[in-house]
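Computed from heavy atoms alone, side chains included, the values below leave out hydrogens, waters and symmetry copies. When a ligand or atom number is given, it counts from 1 through the structure's own listing order.
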Amino acid sequence: MNGLRLLGTGRALPKEAFDNDAMTRYVDTSDEWITSRTGIHQRYFCGEGETATTLAIEAAQKALLASGLSGDAIDCLLVATSSGEYVMPSTACLLHQALALRPEIPVMDVGAACAGFLYAVETARALLIARGGRHALVVGAEQMSQLLDMSDRNTCVLFGDGAGAAVFALEADAEYASVCGTRGDMAIKVGGPRRSQPMAMDGQSVFRFAVSTIPQCVNQLLEGTNLTLSDVDWVVCHQANQRIIDASVRRLGVAPEKFYTNLSRYANTSAASIPIALDELREQGHLLPGERYIMVGFGGGLTWAGVMMRA
Ligand code: UT7
């Protein structure tokens, strides 16, 4: 099986953090409500000069440095985003220019909302196989604050801005499994005519979708292997709500420590949440050779994706 191996990661956050008390400037809410319903304590929002593009560039530069590769070694570049600065050029094209990558490589944005990073990983693998390439740079970058209605307390307290990046190598013997899909559903939507509508979300239906999807993806990834969750060192799922993670832990009957969480500090950064978590895990000395990890993304669409890899 041609699988991917992680070579390096990076992350970037805007300078300014907004704690839950700061959100009371915008809407009728409280630290108590946000903390108890979501586990979120703060989020970062872009300020002057900061965008999904600038965050993507910073995260990607760090990931390249950590991988030990030069930009010339990258054979495809994908950016998962729903909140890029421009509809065109893609954020991936802007990043390609900033990193001065080779012109003859596929470069594009992937739109699969919060499952976008894993959709992009799977697309990168397919492109490398199809085109005989070796290395992929995959980025999740979001300026969610651009999509939010700051007078809607149902959504504005839940999201944050940020970017994470990862460099992967295609290797013939790398362990790899993936699943993905969609329900085709409008439970989270942004855009409409002239892209004028901010985010609207049916939180409870997304919640129900998420708590059934995470265990389902994990089980599907393990199906057909000789592995159980005890062979998996980390589960890195999209960081939306601590209660979603707690419910998944209960359904899977797994030790909660196996699920990496950082949503208390960043809130929901959509396609960026998984690569940001990967970067933190590596910084803390995890994802060492031999360690196996499962990633699960879910979100608008309603999309989902899961990938299992071995470091
Ligand atoms: O990447 C995927 C993106 N989305 C998600 O993962 C969202 C999944 N869903 C959720 O995480 C949860 O459903 C929410 C956090 C969005 C909401 O939690 P909930 O426990 O489902 O609350 P609710 O929507 O049932 O609202 C309960 C109450 C309502 O008041 P009433 O009608 O009971 O008087 C809301 O108006 O809480 C109220 N409420 C708030 N109160 C204070 C909603 N947002 C807030 C707020 N502060 N920010």
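Of all the heavy atoms of Phe207, the ones lying under 4.0 Å from any atom of ligand 1 are found in both the backbone and the side chain. With a heavy-atom cut-off of 4.0 Å, Met201 touches ligand 1 through its side chain alone. At a heavy-atom cutoff of 4.0 Å, ligand 1 is contacted by the side chain of Ile188 but not by its backbone. With a heavy-atom cut-off of 4.0 Å, Val27 does not touch ligand 1 at all.
If you take CG on Leu55 and CD on Glu85, they are separated by 10.0 Å, rounding to the nearest 0.5 Å.
Among the atoms of Thr38, none of the N or O lies under 3.5 angstrom from an N or O of ligand 1. Polar contact check, Gly203 against ligand 1: a nitrogen or oxygen pair lies under 3.5 Å apart. For the pair Arg153 and ligand 1, the shortest N or O to N or O distance falls below 3.5 Å.
Within the 4.0 angstrom cut-off, atom 32 (O) of ligand 1 has no protein heavy-atom neighbours. Checking atom 5 (C) of ligand 1 against the protein gives a heavy-atom contact under 4.0 Å. For atom 14 (C) of ligand 1, no protein heavy-atom neighbour is found at a distance under 4.0 Å.
Scanning the protein for heavy atoms near atom 3 (C) of ligand 1, the closest one is Asn268 ND2, 3.5 Å. Shortest contact from atom 11 (O) of ligand 1 to any protein heavy atom: Asn241 ND2, 2.7 Å.
At a 4.0 Å cut-off, at least one heavy atom of Leu158 sits close enough to ligand 1 to count as contact. At least one heavy atom of Arg243 sits closer than 4.0 Å to an atom of ligand 1.
Side-chain contact annotation: Arg43 with Asn20, donor-acceptor N/O pair under 3.5 Å present. Between the side chains of Asp233 and His286, not a single donor N or O lies within less than 3.5 Å of an accepting N or O. Between the side chains of Thr51 and Gln143, no donor-acceptor pair of N or O atoms lies under 3.5 Å. In this structure, a donor-acceptor pair under 3.5 Å is present between the side chains of Glu280 and Tyr260.
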request  = Quick one: do Tyr44 and Glu50 satisfy side chain to side chain donor-acceptor pair (under 3.5 Å)? Show the steps, please.
outcome  = CA-CA 11 Å; Tyr44 291 82; Glu50 295 173 322; over 6 Å; no
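Side-chain contact between Cys180 and Thr303 is absent, with no heavy-atom pair separated by less than 4.5 Å. The closest side-chain heavy-atom distance from Ile244 to Gln242 is not below 4.5 Å. The side-chain heavy atoms of Ser82 and Glu142, taken from C-beta on, include a pair separated by under 4.5 Å.
Those atoms of ligand 1 that come under 4.0 Å of a heavy atom in Arg37, given as number and element, are 19 (P), 20 (O), 22 (O), 27 (C).
With atom 47 (N) of ligand 1 as the reference point, the heavy atom nearest to it among Thr29, Thr24, Val157 is part of Thr29. Comparing Phe159, Trp33, Phe209, Tyr26 against atom 39 (N) of ligand 1, the shortest heavy-atom distance belongs to Trp33.
Ring pair Phe298/Phe209 is perpendicular by interplanar angle, where above 60° counts as perpendicular and below 30° as parallel.
The two residues Val157 and Ile40 make their nearest non-hydrogen contact at O-CD1, 4.1 Å.
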